[in-house]
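In what follows, every chain begins at residue 1, and chains take the letters A, B, ... in the order their sequences are listed.
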There are 2 protein chains.
Amino acid sequence: MTLDTVLIKRNSNFHHGNLRQTLVSAATNMIAENGIESLSLRKLAEKVGVSRTAAYHYFQDKNDLLCAIAANGFRRWQQSLDQLNANQLPERDKFEQYILGYISFATHNPEEYELMFGRCIWKQSKCTPELQDISHTTFQRQVEMIEYWQSIGLVSGDSPLKMAQVIWGTLHGIAKLFIDGVYADVGRAEEIVISALPMFLVSKL
Amino acid sequence: MTLDTVLIKRNSNFHHGNLRQTLVSAATNMIAENGIESLSLRKLAEKVGVSRTAAYHYFQDKNDLLCAIAANGFRRWQQSLDQLNANQLPERDKFEQYILGYISFATHNPEEYELMFGRCIWKQSKCTPELQDISHTTFQRQVEMIEYWQSIGLVSGDSPLKMAQVIWGTLHGIAKLFIDGVYADVGRAEEIVISALPMFLVSKL
DNA sequence: CCAGCAATTTGACACTGTCAAGATTGATTG
DNA sequence: CAATCAATCTTGACAGTGTCAAATTGCTGG
């Protein structure tokens, strides 16, 4: 059976075949448009053309669905990191790209970002093993990047872990304050983060 | 009519007299205990001993109530700032106290803090004029403090506004990542913010 | 003691997440 | 080819939720 026949069959079904994937991406869209607060499983089901409770065969919970969306976000962010590391830029530029990329990712996908780093998901038991895995891995990678930039004398600070935590904190804070509209008169969050960049460097150039 | 008779009368009523204040403080407690998500107007009403919709005579909305709680939080935080500025400490120590105080306030009142800086309230129309006022004032005061610390050569950076935004971003980010449990293995958020402190200073002492 | 006024309650509605049980589907056998 | 089967999806139901309109209560001045 070829891929084509699979697709044709799926289209001819009046139930979906790949409901899980469909639900996740539809939910991601709805969240991006109207905010995470206003996502209801029922509206989602209607949009996808399926009954209210269909999602419960693929997700334990509403929270479970949200975790899947967040996990997707982490995968996308990891791809960005891969791409960055594949570049042949000078390390100083890589660091700058990393910082700008982080802010750009956060401000262009604010709702998904909130899902990735908002309390609801990280805390306690409300976190899928899948999400726990990928988020942990992602943070580990970022620590290693900072560690490397410190080892070549680019980034300052003594403990790599602490420095990674500070840098991440700064990026997260600026991103969130910007997203939430607290920096009322700032056009792009990049303006702020660029002025923060020298703080992290050994030589302020 | 003395204060006593007022209180006696209020107690003898089986309706409350000062429902508004009662509602705000009860809601603040409930939020502190079980999180902002799980606050419902109906449970709040039951706790206060009043009917489901009583709150609607003092607040337009549930959101309006939340704004009142947030505004209270800002008032408390401003008092902390007053107290700090009244001290006769060296400025370098004041700056440190400011930073530690911010983190301490945020981590000890996580839910209230979320209300003060979470998207739901700042953004767009979902913000009471009262809240808008006091939050604006508070930020203004913090900018002035940073401005002063820059003018005496303590804090680095060229634009005071930008530096205030960066510092605030860093504090906010570290506070939030800590509150949300992202710094899995960190005991106190102060550990991290203390290692970030030198970044802001002209001389790294 | 009663009219009027403000504070509070009751009733109602549309929405939400979630569960248990039933119905439908496409695939797999005899 | 037809009948069965397991997976997939749907229907019905329930307890919550925020919020509005209308009814009710309690207090105060005449």
Determine: side-chain N/O of A/Y58 to OP1/OP2 of D/dC9, distance under 4.0 Å, yes or no. yes
Between atom CZ of A/F59 and atom OG1 of A/T128, what is the distance when rounded to the nearest 0.5 Å? 9.5 Å
Please report the distance, rounded to the nearest Å, between OH in A/Y56 and P in D/dG12. 18 Å
For the aromatic rings, using the six-membered ring if either is Trp, is the centroid distance between A/F117 and A/W168 under 6.0 Å? yes
Rounded distance in Å - CG (B/L66) to C1' (D/dG18): 12 Å
Between D/dT17 (C1') and B/E46 (CD): distance, integer Å: 14 Å
Report which part of the nucleic acid A/L39 touches: base, sugar-phosphate, or nothing (heavy-atom distance under 4.0 Å, all strands). sugar-phosphate
5' precedence on DNA chain D between B/D61 and A/A55 (nearest-nucleotide basis): A/A55
Distance-only, no hydrogens or angles: does the A/T53 side chain make a donor-acceptor pair with backbone N or O of A/Y56 under 3.5 Å? no
In whole Å, I'd like the distance from the CG atom of A/L41 to the C1' atom of C/dT18. 9 Å
Taking N and O atoms by type only, does the side chain of A/R52 place a donor or acceptor under 3.5 Å from a partner on the base of D/dG12? yes
Closest to side chain of A/S51, choosing from C/dT9, D/dT11, C/dC19: D/dT11
Which whole-number value in Å describes the distance from A/L23 CG to D/dT10 P? 11 Å
B/S104 side-chain N/O to B/L100 backbone N/O, donor-acceptor pair under 3.5 Å: no
Tell me which nucleotide among C/dG17, D/dG18, D/dT11 gets nearest to the side chain of B/K62. D/dG18
Closest approach to the side chain of A/K43, judged atom by atom: which nucleotide of C/dT16, C/dT10, D/dT10 is it? C/dT16
Would you say the base of D/dG16 and the side-chain of B/R42 have a donor-acceptor pair closer than 3.5 Å? no
In whole Å, what is the span from the CG atom of A/L19 to the P atom of D/dA7? 17 Å
Examine C/dT16: is either OP1 or OP2 under 4.0 Å from a nitrogen or oxygen in the side chain of A/S40? Give yes or no. yes
Whole angstroms only, please: what is the CG-P distance between A/L65 and C/dT18? 10 Å
Between B/Q142 and B/Y102, does the side-chain hydrogen bond (donor to acceptor under 3.5 Å, both in side chains) criterion hold? Intermediate values first, please. CA-CA 11 Å; B/Q142 296 191 54; B/Y102 188 100; 6.0 Å; no
Rounded to the nearest angstrom, tell me the gap between atom CZ in A/F59 and atom C1' in C/dT18. 16 Å
Assert: residue with more 5' nearest nucleotide on DNA chain C, out of B/T53 and A/T53, is B/T53
